Amino acid sequence: DANGFSKQLIIGGSSAENTDTDGPKISLYLNDQNFKNGEATGDSPLLLAKLNDVNGINTLSNGIGHDIVATIDGDNSSSIVLNSYYSADLDSYQSGVVNYKMSQLAEGTHTLTLKAWDVFNNSSEATISFTVTKNVQISITNMNVYPNPFRDEVKVEFETNMFDMPVDAYLEVFNINGSLVSSTSSQKLLSQGYKAGMLEWDGRTASGNVVPPGIYLVSIRAGDGKSETVKAQRLIKVK
């Protein structure tokens, strides 16, 4: 039995109360949010753009030139429309992120400019500088061994400086005297971002015997086909 009316609805017009003249706020990164302006990256970095606007981001291409657009080194002829790469934050029309994987960029210093619009046709731009280096040497940036101390099996998670790249890796375990106790077979891991994956050791020697309690050194040897790196951590076996 609902009834009544409202004069607040606008059909075929616009509100005269809109005073928004600012475009979206834009934050640019490469690969992850730890990237600093001017740093080095490989030739296939991930563009990460965080957008925020109180009235919402325009991703509908409903106006000529009102797309989310990335331009590298000021070359407008090769600009990239990124509307379809934008994902709104959960339960929000005001903020979201663009994820776009670039590929085969030339070595050297570059700039990337991203332009975006809000729903009231206000635009803004942000620019980031970076240096592409194709001969980046692989390195292990983080290593987590658990449980430590351990009784039976050990898991080792690690990260490298190679973003979304395949890595060949295996474990080596040494006793306190520096003698090799065991080594795992090499595994090809596909990094998820910088996280290369996880390797496991069953706590046994190469001959299958359970290692006695004591102090050991577990190391990861990882390579990308062009370079190799090793990182080690102390490990304690308890009864």
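Given the structure is predicted, the values throughout are model-derived calculations rather than measurements.
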Heavy-atom distance under 4.5 Å between the side chains of Leu28 and Leu114, does that happen here? yes
Cut-off 3.5 Å, no hydrogens considered: what does the side-chain donor-acceptor table look like for residues 97-107, sequence neighbours left out?
unit_1	atom_1	unit_2	atom_2	d
Glu107	OE2	Lys134	N	3.1

Out of curiosity, Ile68 CD1 to Ile26 CD1, how far, rounded to the nearest 0.5 Å? 8.5 Å
Strictly distance-based, threshold 3.5 Å: is any side-chain N or O of Asn148 a donor or acceptor partner for the main-chain N or O of Arg234? yes
Tell me the closest heavy-atom pair linking Ser79 and Val69, and the distance in Å. CB-CG1, 3.6 Å
Donor-acceptor contact below 3.5 Å, side chain Asn122 vs main chain Ser124: no
Could you report the tightest heavy-atom contact between Asn37 and Ser129, atom names first, then the distance? OD1-N, 2.7 Å
Flag, side chain of Lys237 to backbone of Val211, donor-acceptor distance under 3.5 Å: yes
Under 4.5 Å between side-chain heavy atoms, hopping through other hydrophobics if needed: is there a path connecting Ile128 to Phe163? no
Smallest separation among heavy atoms of Ile140 and Ala222, with atom names: CD1-CB, 4.3 Å
Do you see a donor-acceptor pair shorter than 3.5 Å between the side chains of Ser95 and Asp89? yes
Among all residues two or more places apart in sequence or in another chain, which pass the side-chain contact (heavy atoms from CB on, under 4.5 Å) test with Val136? Thr133, Asn161, Met162
Any donor and acceptor pair, going by atom type alone, linking the side chain of Asp224 with main-chain N or O of Val167 inside 3.5 Å? no
Polar side-chain atom of Gln94 near backbone of Asn52 as donor-acceptor pair, under 3.5 Å: no
Value for CG (Asn31) from OH (Tyr194), rounded to nearest 0.5 Å, stands at 3.5 Å
Can you check whether Tyr86's main-chain N or O pairs, donor with acceptor, with Asn83's side chain at less than 3.5 Å? no
Checking side-chain polar atoms at under 3.5 Å, does Asp118 have a donor or acceptor matched by the opposite partner on Asn55? no
Distance-only, no hydrogens or angles: does the Ser191 side chain make a donor-acceptor pair with backbone N or O of Met165 under 3.5 Å? yes
To the closest 0.5 Å, what do you measure between CD (Glu200) and NZ (Lys155)? 3.5 Å
Rounding to 0.5 Å, atoms CG (Asp168) and CD (Gln187) come to a distance of 10.0 Å
Does Leu199 belong to the same Ile/Leu/Val/Met/Phe/Trp/Tyr cluster as Trp201, with side-chain heavy atoms less than 4.5 Å apart forming each link? yes
Is the closest side-chain donor-acceptor distance between Thr113 and Thr71 under 3.5 Å? no
In this structure, CG of Leu189 is separated from NZ of Lys195 (nearest 0.5 Å) by 11.5 Å
N/O donor to acceptor pairs below 3.5 angstrom from side-chain atoms of residues 171-178, sequence neighbours left out:
unit_1	atom_1	unit_2	atom_2	d
Glu172	OE1	Arg221	NH2	3.3
Asn175	OD1	Asn177	N	2.9
Asn175	OD1	Gly178	N	3.1
Asn175	OD1	Ser179	N	3.0

Check whether any side-chain heavy atom of Met143 lies under 4.5 Å from a side-chain heavy atom of Val156, and answer yes or no. yes
Shared ILVMFWY cluster between Val218 and Phe150, side chains joined below 4.5 angstrom? yes
Do you know the tightest heavy-atom contact between Leu30 and Phe35? O-CB, 3.2 Å
Which distance, rounded to the nearest 0.5 Å, do you find between the CH2 of Trp117 and the OG1 of Thr59? 14.5 Å
